[in-house]
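Bear in mind the structure is a predicted one, so any value in this text is a computation, not a measurement. In what follows, chains are A, B, ... by sequence order, proteins preceding strands, each numbered from 1.
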There are 4 protein chains.
Amino acid sequence: MKLKDDTKVNLVFCATLKLILQVGVAGITMRQISREAKIATGTLYIYFKDKETLINALFEKCRASAIDIYFKGYNETDPFEKGFNKIWNNMLSYRIEHFDQAVFLDQCYHSPFITETAKEMNKRVLQPLMRLIERGKEENLLKDEDTFLLLTFMIGSVHELIKYLRYTGRKLNNVITDAAYKICWDGIKR
Amino acid sequence: MKLKDDTKVNLVFCATLKLILQVGVAGITMRQISREAKIATGTLYIYFKDKETLINALFEKCRASAIDIYFKGYNETDPFEKGFNKIWNNMLSYRIEHFDQAVFLDQCYHSPFITETAKEMNKRVLQPLMRLIERGKEENLLKDEDTFLLLTFMIGSVHELIKYLRYTGRKLNNVITDAAYKICWDGIKR
Amino acid sequence: MKLKDDTKVNLVFCATLKLILQVGVAGITMRQISREAKIATGTLYIYFKDKETLINALFEKCRASAIDIYFKGYNETDPFEKGFNKIWNNMLSYRIEHFDQAVFLDQCYHSPFITETAKEMNKRVLQPLMRLIERGKEENLLKDEDTFLLLTFMIGSVHELIKYLRYTGRKLNNVITDAAYKICWDGIKR
Amino acid sequence: MKLKDDTKVNLVFCATLKLILQVGVAGITMRQISREAKIATGTLYIYFKDKETLINALFEKCRASAIDIYFKGYNETDPFEKGFNKIWNNMLSYRIEHFDQAVFLDQCYHSPFITETAKEMNKRVLQPLMRLIERGKEENLLKDEDTFLLLTFMIGSVHELIKYLRYTGRKLNNVITDAAYKICWDGIKR
DNA sequence: CATGAATGAGCGTTCATTCAT
DNA sequence: TATGAATGAACGCTCATTCAT
């Protein structure tokens, strides 16, 4: 994978995400990607060894992008719940504003394209979030349950809110956001 | 005269579910299914007009099976939380005991195979669950939020618990179940 | 090939001819034939070893039927041209009244289904027609050219008339028939 | 960069015509064509969208080629019969020298592959021949019958001669040609 | 580096034929 | 005898990938 032309890689990523929204991660073909990115099929193979490599690279990029956004404006010195709320809202923002990425990441867990190593890396990425939950437990603000279980529900609450919005076709507003956040917080708080 | 063999349909369903666990709903081929079911490829087309029909029939069967199990032993005259807990545990049981079905149903929402009408039918299926949540709200036991939002989190809490178990490799036990149920209940209760 | 149930064989032949008119001899399937004849696919194989056998049997039947009709009402003691005209008109009648058979016979010459032996048999069938032409030559009524060449044009003139009718969509009438017959006769007469 | 190879289209056409001679237009498969043309199956689909397109393109090419040859050396200022004879001989030459094309064109009229529009185009192609016959009628050299009927027999006489040659296995020579031409001419002349 | 023609394995599906009933 | 379910080879076509330019 040669990275000389960074813009071309981005072009390919954008094209791929756009197509995944339309036909799903399993439905895309290399030809579609190259057409959407306005390059030749062969060129794809200059930048990515094969389809699996391309998808995994995109996965990596999206994962990194997600983490960046999750912790944007988060200040460890702030009181716990303020930080927790910040991150929860960041998660929500990411899934709204980068809807295509979020859809892709979700589909990846069902996809045979994502290698186990990529999934392993994802685990490491959860570390900062795990520490957040640990802090909440140490400050006796969260239930004294398995950290990862609590984190699962925190992340899950955002996912469920998104599902709810898609299913009902409703637009996000403060009332809904607040309700969903309260459900999450009431669920995991001590 | 050889008659159409009803057990063969089940054979095909089992084979398909097994394969979906391995390669995802989008990755399965008719050849794989026939091999797994130990029948000829052509035989598949005696029982199902085409691949789409097969997948939709399986979807229908799994959906029906899920609903059956969700409400098993549920008694409307019982106090609300007893019934709610019963159904929550039924959902969990279904997703543990029919893990392959649950994975398939989840993937279907991303799949272009499932027709829109099938999705519509699914909506109708949620009606009894919606009524359950309504009852909780009427009895002032649940938060006064949108019924479907609450239901989303109820179902989501089961999904998240399963994800947690898969991710950590842990086996289900009463401690974990109780913790997860409490998170759900605390989240949506008034 | 068992012939116990003669009506069933005829049922199959009729069904086959009907289908050939619609989809051509190369387009028919054994399934289509059995459905059209309202019997099971397997039953076809009781009466005919395989598809090729069925088609060849039908070919044989149509050929025989054609010859029967060609010489109907022909009297060797009549003057030559009267007899010639009779047979020419019989040929025309056959191709009009048994249009489906004629279409099938025509297609057979392009079809890989018709075995070489069947084609050989067809040659023998031309013998009576050859003798007719010979007689015309002996009576100095026809050109002194190769007998088979003259016969070819006699048969050909009927075929061309039919083509003309199909192409133009015109219905047969005495004016057209007489014109076509005259062209044929003027062409081969001395 | 490899460019689309125009000779490859011809390679495919030749292979297809060769196969049609052997198994008929309805019997050919894309695999056979690609093998005969010594290219990969997929390559066929670079040059032709699908089988129907390939066959129709070949039809178009053969039709054009036929018309070119029919009128080669024809001079409208020549006396009618000289021109008529020229074209009759051209038709014969075409069907001898491009026997495979002629067989294909004949089969096309029975084939479901040839679209109706292609057939329509063929009609237009007969126009110059129709005008030829009209001229013969105006000069009182041909029978005063329907133009298309006369044309049918003119074309038919060539077809019948070819059939005769195939059937008898005889080689074309001046004696046979002259006899056949005389039959045609005597048939349609006034 | 970039192109898109070329490849052939593999897809969903249909077919002639066989076989258990 | 008659049935139609079962078979697996073969169909038209698409795909990820390679390669000549």
Side-chain angles (χ1 to χ4, degrees), chain A residues 2 4-5 8 26-35 38-55 113, chain B residues 1-6 8 26-35 37-55 113, chain C residues 2 4-5 8 27-35 37-55 113, chain D residues 1-6 8 26-35 37-55 113:
Chain A
K2 288 159 197 175
K4 191 146 189 198
D5 192 347
K8 202 157 283 178
I28 41 165
T29 69
M30 292 301 260
R31 176 100 76 94
Q32 281 177 313
I33 294 173
S34 63
R35 263 217 270 268
K38 294 193 168 77
I39 59 173
T41 328
T43 312
L44 279 179
Y45 288 85
I46 294 169
Y47 292 90
F48 305 98
K49 191 172 78 61
D50 54 22
K51 193 179 176 179
E52 190 180 327
T53 306
L54 191 161
I55 299 291
F113 285 115
Chain B
M1 190 186 76
K2 224 182 283 176
L3 282 173
K4 260 193 199 177
D5 186 352
D6 249 16
K8 203 154 285 179
I28 43 166
T29 70
M30 293 301 261
R31 175 94 75 89
Q32 282 176 315
I33 294 173
S34 63
R35 263 216 273 268
K38 292 189 170 75
I39 61 175
T41 329
T43 310
L44 281 178
Y45 289 85
I46 295 169
Y47 292 89
F48 306 96
K49 192 174 75 59
D50 54 21
K51 191 180 175 179
E52 189 180 328
T53 306
L54 190 160
I55 299 291
F113 285 116
Chain C
K2 286 158 197 174
K4 192 150 191 192
D5 192 346
K8 201 158 283 180
I28 43 167
T29 70
M30 294 300 262
R31 175 101 74 95
Q32 281 177 313
I33 294 173
S34 62
R35 262 217 271 266
K38 292 190 169 82
I39 60 173
T41 329
T43 312
L44 279 180
Y45 288 84
I46 295 168
Y47 292 89
F48 305 98
K49 190 172 78 58
D50 54 21
K51 194 181 178 180
E52 190 180 327
T53 306
L54 190 160
I55 298 290
F113 284 118
Chain D
M1 190 185 75
K2 227 182 280 177
L3 280 172
K4 262 195 199 175
D5 187 352
D6 248 16
K8 204 155 281 178
I28 42 164
T29 70
M30 293 301 260
R31 175 93 78 90
Q32 282 176 314
I33 294 173
S34 64
R35 263 216 272 267
K38 292 189 169 75
I39 59 174
T41 329
T43 309
L44 282 179
Y45 291 85
I46 294 170
Y47 292 89
F48 305 98
K49 192 173 74 62
D50 53 22
K51 192 181 176 180
E52 190 180 327
T53 305
L54 190 161
I55 299 292
F113 285 116

Gap separating the [atom1] atom of [X] from the [atom2] atom of [Y], nearest 0.5 angstrom:
| X | Y | atom1 | atom2 | result |
| --- | --- | --- | --- | --- |
| D/M30 | D/T41 | CE | OG1 | 9.0 Å |
| A/K8 | A/I46 | NZ | CD1 | 8.0 Å |
| D/K51 | D/L44 | NZ | CG | 11.0 Å |
| C/I33 | C/L54 | CD1 | CG | 5.0 Å |

Rounded to whole Å, how long is the line connecting atom [atom1] of [X] with atom [atom2] of [N]?
| X | N | atom1 | atom2 | value |
| --- | --- | --- | --- | --- |
| B/I55 | E/dC11 | CD1 | C1' | 14 Å |
| B/L54 | E/dT13 | CG | C1' | 13 Å |
| C/I46 | E/dT17 | CD1 | P | 15 Å |
| D/D5 | E/dG4 | CG | P | 16 Å |
| A/Y47 | E/dT3 | OH | P | 9 Å |

- [ ] Would you indicate what B/F48 reaches in the nucleic acid, counting non-hydrogen atoms under 4.0 angstrom: base, sugar-phosphate, or nothing?
- [x]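 Nothing, no heavy atom under 4.0 Å.
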- [ ] Select base, sugar-phosphate, or nothing to describe what A/K8 touches, counting heavy atoms under 4.0 Å on all strands.
- [x] sugar-phosphate
Task: Consecutive-pair stems (3 or more, Watson-Crick or G-U, under 3.5 Å) for DNA chain F - done: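 Stems (3+ consecutive pairs) listed as E:2-21 with F:2-21.
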Open item on the list: Taking only side-chain N and O atoms of B/K4, does any of them lie within less than 4.0 angstrom of OP1 or OP2 on F/dA6?
Closed with: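 So the side chain of B/K4 is outside the cut-off, no N or O lying under 4.0 Å from OP1 or OP2 of F/dA6.
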Task: Base versus backbone protein contacts along nucleotides 8-15 of chain F [heavy-atom cut-off under 4.0 Å; B, S, -] - done: B--SSBBS
Open item on the list: Reading DNA chain E from 5' onward, which residue's closest nucleotide shows up sooner: D/L44 or A/K38?
Closed with: A/K38
Open item on the list: Going by the rule ring-ring contact (aromatic ring centres under 6.0 Å, His included), which residues pair with B/Y45 if we only count those two or more places apart in sequence or in a different chain?
Closed with: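 Scan of B/Y45 (ring-ring contact (aromatic ring centres under 6.0 Å, His included), adjacent residues dropped) gives none.
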- [ ] Apply ring-ring contact (aromatic ring centres under 6.0 Å, His included) to B/Y47 and list each qualifying residue two or more places apart in sequence or on a separate chain.
- [x]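 For B/Y47 there are no ring-ring contact (aromatic ring centres under 6.0 Å, His included) partners, ignoring immediate neighbours.
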Open item on the list: Quick check: closest heavy atoms across A/I28 and A/Q32, and the distance to 0.1 Å?
Closed with: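 Here A/I28 and A/Q32 meet closest at CA-OE1, 3.3 Å.
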TODO: Give the minimum heavy-atom separation between A/A26 and B/A26, together with the two atoms involved.
DONE: CB-CB, 2.9 Å
